[in-house]
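All of these numbers come straight from a predicted model, not from anything done at the bench. Throughout, protein chains are lettered first and strands after them, A, B, ... in sequence-line order, and every chain is numbered starting at 1.
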Protein chains: 2
Amino acid sequence: MSSDRTYHHGDLRRAVLSAALDVIRAEGPAALSLRDLARRAGVSHAAPAHHFKDRTGLLTAVAAEGYGLFADALADAPDLRERGVRYVRFAAEHPAHFQVMFQPDLYRADDPDLLAAKERASVALRAGVTGLPSGGGDDARLTGVAAWSLAHGFATLLLSGNLSEAVGDRDPEEVFRALATPVFAPDGPN
Amino acid sequence: MSSDRTYHHGDLRRAVLSAALDVIRAEGPAALSLRDLARRAGVSHAAPAHHFKDRTGLLTAVAAEGYGLFADALADAPDLRERGVRYVRFAAEHPAHFQVMFQPDLYRADDPDLLAAKERASVALRAGVTGLPSGGGDDARLTGVAAWSLAHGFATLLLSGNLSEAVGDRDPEEVFRALATPVFAPDGPN
DNA sequence: GCTTCAATCTTGCCAGTGACTAGATGTTCC
DNA sequence: GGAACATCTAGTCACTGGCAAGATTGAAGC
C-alpha cells in the first residue's frame, strides 16, 4: 500500500476484487457496494466500473477467479474421497469465491472467461469417476453425482453455519473424511 | 384479486409474501425490491413496511415460513433415504423458500418465529437417525450429517442448475432415490 | 524531445431504493 | 356514534448503480 497516491492506482482491479472478497466473506454478496469498494481503495466512485463494467461484472470476475482456483485445488487428487476432502477445503479456505460460484443469478453465466475456468473445474471434478470399479456406465455417473452432492452439501452446510454443532472445534476436513470413508472409500472398511 | 380496490388491501401480508416468492424464484433474492412488491400489490411504497418492518424482515418471514413448510414436509418419513427424497422434493417445490433458508446473512437468525420453525424442522430432520443399526453414538451422528449433506448437496446443485445434464428430463426425486439407495439404504444391497 | 493515443481515473448527474415520519383512512368494539 | 387501533398514503433523505463528459497519466511512434 503506497501512501503517496498517484492518479493511477497501480492495481485497482486486484484491490477492488480483494476488498469485495472481504465484504462477501463477512456479510455476504448482498452487502456488496461498488461505491464502498471504491472508498476502500481510495479512488472515486466510478473508477471500478472501468475494470468490471458493473456490479454483475465484478461478481462475474469473482466467480471466474473462483472456478480457476477451484480447478487448481481439485487437480491431481488421488481418489474420489480425497477429491471430496479438497472440495470441502476449498470452500473453507475460499468461502467468498465458493458462495458466488454457486449462485448463478449473481453473475453472467455466459462470460467467456468464466466459462473457460468453469470448464477446467468441471474436467478436474469429473476426472477419475470413470475409473471406479463399477465401470463407466450410468452407475458411474450416479456415483459421481452422489460424491459431488455429498461434498457440496457438506461444504454449503458448513459455510451457512449449520454444522457448527456437529463439527465442533474439529477440523471440518477431518470430519468430512470420517463420514465419507464408509460411503465411497476406495479401499476402506465394509 | 378484487378490482374495486379499497383503502385496506385485505391481505397485503400474504400478497407481498407471494410476490416476493415469485421474484426470488425467477431472479434470486438479490432482485427483491420492496417498492416493486408494493407496486405489484397495488399499494403505496411504504405499505409493506407495516407488515415486515424492513427488507430483512420480509426475508426473515420467508425463511420462517420455509422452515415451517419444511418441517411439515419431512414429518413421518419412513426411513432415512425417504427423508432425503422429501428433502429434495421440498427444494424443488419451494425453491424460493429453500434458497433463503440456507443463506442466513439474508435474514435475522435470532427472530423468535424463525427460531421456533427452525427447531421444528431440526427435530423432524434428526428423528430416526438414532434408530439406525450403528446405534446412537458418534457413528450415528456422522451418518446423519452424511445423509443431510447428500440430500442438501443434491438439492442445492439442482437449484443452481448444475445437475441439468446429469438429471436430464427425469424426475430429480427418482434420480436422487437411485443414487442414494447404495449409499444408505435401510435394506438395500451391500 | 515531442506528439499522439489509449488507458485510467474524476466529477457531475439521474433514476431507483430502503428507511423514516407525519398524517389520512378504515375497522372494531364498546 | 365515538374512541382506539390497525392499516395505508404521501413526503422526505441518504445511498446506490449506472451513465456521460472531461482530466490525468503512461506508452508508443516519429
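- Distance alone, capped at 3.5 Å, is enough to place a donor-acceptor pair between the B:Arg170 side chain and the B:Val167 backbone.
- Between the CZ atom of A:Phe52 and the C1' atom of D:dG18 there is a distance of 16 Å, given to the nearest Å.
- A:Leu32 comes within contact range of the sugar-phosphate backbone alone, with a heavy-atom separation under 4.0 Å but no base atom that close.
- Separating the NE2 atom of B:His50 from the P atom of D:dC8 is a distance of 7 Å, rounded to the nearest angstrom.
- Within the nucleic acid shown, A:His51 comes within 4.0 Å of sugar-phosphate atoms alone, with no base atom in reach, counting heavy atoms only.
- Annotation: side chain of A:Val88 is not in contact with side chain of A:Arg177 (no heavy-atom distance under 4.5 Å).
- Taking atom CZ of residue A:Arg55 and atom C1' of nucleotide C:dG16, one finds them 14 Å apart after rounding to whole Å.
- Contacts of B:Arg35 with the nucleic acid, taken as non-hydrogen atoms under 4.0 Å apart, include base atoms.
- Going from atom CG of B:Leu34 over to atom P of D:dC15 covers 19 Å, rounded to whole Å.
- Put simply, the side chain of B:Ser18 never gets that close to the backbone of B:Ala15: no donor and acceptor are under 3.5 Å apart.
- If you measure from atom CZ of A:Arg13 to atom P of C:dT8, you get 10 Å, rounded to the nearest angstrom.
- A straight line from CG of A:Leu12 to P of D:dG26 spans 15 Å, rounded to a whole angstrom.
- Checked by atom type and distance alone, the side chain of A:Arg108 never pairs as donor or acceptor with a backbone atom of A:Leu59 at under 3.5 Å.
- One interatomic measurement links the two molecules: CZ of B:Arg39 to P of C:dA15, which rounds to 15 Å at whole-angstrom precision.
- For A:Ala46, the listed nucleotide lying nearest its side chain is C:dT11; candidates were C:dT11, D:dT16, C:dA7.
- Distances shorter than 4.0 Å separate none of the side-chain N or O atoms of A:Ser33 from OP1 or OP2 on D:dC15.
- Rounded to whole Å, atom P of C:dG12 lies 9 Å from atom NE2 of A:His45.
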